[in-house]
Amino acid sequence: VVELLESPRGLEMSGELRDVTFLVSDLRGFSDLSLKLSPQDVIRMVNCHLKHMVDTIEQYRGTINDFEGDAILVFFGAPLMADDDQPRAVACAIEMQNRMMDVNTELEQLGLPELSMGIGINSGTVVVGNIGSEKRAQYSALGSAINTAYRIESFTTGGQILIGPKVHEELRSSVHVRDTFQVEFKGVDKPLVLYDIEGIDGEYSHSLSCNHPDILKKV
């Protein structure tokens, strides 16, 4: 809020086209796991996870747009833009995965099962602004780029970070790619190439502390 108030364009949030990088994270298999636990333990697990994730996202200046159960939607580039939105998003995703070790250590101490998370990142031009009515409105984004971010995340396995072609094109010289995959989205004619990221160089140099436990099969 302070940054918005101090920004010359900070209050111009009625609606505009904006290049935004979206980070979507989701816990793998948590819906099934939650059916086996008490409601109290489900909330304890989610809050333990979110506590560590929110701290990390704040560190990399991401804007948390929404919590959807155990999923998180983060904006880099809205409502405030910066030249380093994309590398910050990737570095943030790497640190989020690394922080899962802290999450699982804490869960183990509570006698709860460990968690794993997948992260998808995509960039694109969208419409951002206040959406809703006078009674209830939310700053949000509309456009295919955000939908694609959710689709990319759906292809991840635990501990994995997948980025879309536009993010890879911008960060080609700095990201470390473990593998590439071709996937098909319903309603999209051409397959999309996704990039499995394990590190990034430059100002936000960072790398995954451990390999993800699962292997995504090529489509």
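Owing to the predicted nature of the structure, the values given are computational and were not obtained by experimental measurement. We count residues from 1, following the sequence as given. The basis for the numbers below is simple: all heavy atoms, side chains too, and nothing from hydrogens, waters or symmetry mates.
Note on Arg44 versus Glu106: no salt bridge recorded, every NZ/NE/NH1/NH2 to OD/OE distance being 4.0 Å or above. The existence of a salt bridge linking Asp84 and Arg61 is confirmed by a sub-4.0 Å separation between a basic side-chain nitrogen and an acidic carboxylate oxygen.
Distance check, rounded to the nearest 0.5 Å: CZ of Phe75 to CG of Leu80 gives 13.0 Å. Interatomic distance, OG1 of Thr156 versus CZ of Arg28, reported as 4.0 Å (0.5 Å rounding). Expressed to the nearest 0.5 Å, how far CD1 of Ile163 lies from CG of Leu194 amounts to 9.0 Å. Interatomic distance, OG of Ser25 versus CE of Met96, reported as 4.0 Å (0.5 Å rounding). The line from OG of Ser38 to CG of Asp41 is 3.5 Å long, rounded to the nearest 0.5 Å. To the nearest 0.5 Å, the span separating OG1 on Thr180 from CG on Asp196 amounts to 9.5 Å.
Taking each heavy atom of Ile131 and Ser140 in turn, the nearest pair found is CD1-CB, 3.8 Å. Listed here is the closest heavy atom pair of Phe76 and Tyr60: CE2-O, 3.5 Å. Summarising the geometry of Ser154 relative to Arg151, their closest heavy-atom pair is OG-O, 2.5 Å, with the distance given to 0.1 Å. In this structure, Ala141 and Val128 approach most closely via the heavy-atom pair CB-CG1, 3.9 Å. Heavy atoms only, all atoms of each residue included: Gly143 and Val126 are closest at CA-CG1, 4.1 Å. The two residues Gly164 and Asn122 come nearest to each other via the heavy atoms CA-OD1, 4.1 Å.
Both Phe67 and Phe30 are assigned to one and the same hydrophobic cluster, defined by single-linkage of ILVMFWY side chains at heavy-atom distances under 4.5 Å. Cluster membership check: Ile197 shares its hydrophobic cluster with Val193, using side-chain heavy-atom separations under 4.5 Å among Ile, Leu, Val, Met, Phe, Trp and Tyr. The same ILVMFWY cluster, assembled from side-chain heavy atoms under 4.5 Å apart, contains both Val177 and Val90. Hydrophobic cluster membership differs between Ile43 and Met45, with clusters built from Ile, Leu, Val, Met, Phe, Trp and Tyr side chains linked at under 4.5 angstrom. Placement of Leu142 and Ile152 in two distinct hydrophobic clusters is found when ILVMFWY residues are connected by side-chain heavy-atom separations under 4.5 Å, directly or transitively.
Not a single donor-acceptor pair under 3.5 Å links the side chain of Ser205 to the backbone N or O of Gly202. At least one donor-acceptor pair under 3.5 Å links the side chain of Asn98 to the backbone N or O of Ser209.
Annotation: side chain of Leu192 is in contact with side chain of Pro165 (closest heavy-atom distance under 4.5 Å). For the pair Asp70 and Asp26, the minimum side-chain heavy-atom distance is below 4.5 Å. Two residues are said to be in side-chain contact when any heavy atoms from C-beta on lie closer than 4.5 Å; Ile57 and Thr63 fail this criterion. Between Met53 and Met100, the closest side-chain pair of non-hydrogen atoms falls below 4.5 Å. In this structure, Phe181 and Leu162 have side chains that are in contact, with non-hydrogen atoms separated by less than 4.5 Å. Side-chain atoms of Leu107 and Pro113, non-hydrogen and from C-beta on, never get closer than 4.5 Å to each other. Inter-residue side-chain proximity for Cys92 and Val74 is flagged as unmet; no heavy-atom pair is nearer than 4.5 Å. You'll find the side chain of Ile161 reaches within 4.5 Å of the side chain of Ile121, heavy atoms only.
For the residue pair Thr56/Arg99, the side-chain donor-acceptor check at 3.5 Å is satisfied. Donor-acceptor pairing under 3.5 Å is lacking for the side chains of Ser207 and Glu198. No side-chain N or O of Asp201 forms a donor-acceptor pair with one of His206 less than 3.5 Å apart. Between the side chains of Gln138 and Asn130, no donor-acceptor pair of N or O atoms lies under 3.5 Å. Side chain to side chain, Thr21 and Asp85 fail the donor-acceptor criterion of an N or O pair below 3.5 Å. When only modelled atom types and interatomic distance are considered, Thr157 and Gln160 share a side-chain donor-acceptor pair under 3.5 Å.
A parallel orientation is assigned to the rings of His168 and Tyr195, their planes being inclined by less than 30° (bins at 30° and 60°).
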Practice task
Determine, step by step, whether Ile119 and Val24 satisfy the side chain to side chain contact (heavy atoms under 4.5 Å, CB included) criterion, reporting the C-alpha distance in whole Å, the side-chain angles of both residues, the deciding distance to 0.1 Å, and the verdict.
Solution key: CA-CA 6 Å; Ile119 299 177; Val24 178; over 6 Å; no

Practice task
Take Leu115 and Leu33 through the side chain to side chain contact (heavy atoms under 4.5 Å, CB included) test and state the conclusion after the steps.
Solution key: CA-CA 10 Å; Leu115 298 171; Leu33 180 62; 4.0 Å; yes

Exercise for the section: Tell me, with the steps shown, if Phe22 and Glu153 meet side chain to side chain contact (heavy atoms under 4.5 Å, CB included). Expected result: CA-CA 11 Å; Phe22 300 100; Glu153 186 279 323; over 6 Å; no

Handout entry: Intermediate values then yes/no, side chain to side chain contact (heavy atoms under 4.5 Å, CB included), Ile94 and Ile200
Key = CA-CA 9 Å; Ile94 293 170; Ile200 187 171; 4.0 Å; yes

Handout entry: Verdict with reasoning, Glu95 to Tyr204, per side-chain hydrogen bond (donor to acceptor under 3.5 Å, both in side chains)
Key = CA-CA 11 Å; Glu95 181 60 17; Tyr204 299 99; over 6 Å; no

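Screening Lys166, Gln86, Glu170 for a side chain to side chain donor-acceptor pair (under 3.5 Å) involving Ser123 leaves a single residue, Gln86.
Enclosure of atom CD in Glu108 is not indicated, since only 12 or fewer non-hydrogen atoms of other residues, nucleotides or ligands lie within 6.0 angstrom. Residue-environment remark: CG (Asn47) exceeds the threshold of 12 foreign heavy atoms within 6.0 Å.
In this structure, Phe155 has its ring center closer than 6.0 angstrom to the ring center of Phe185.
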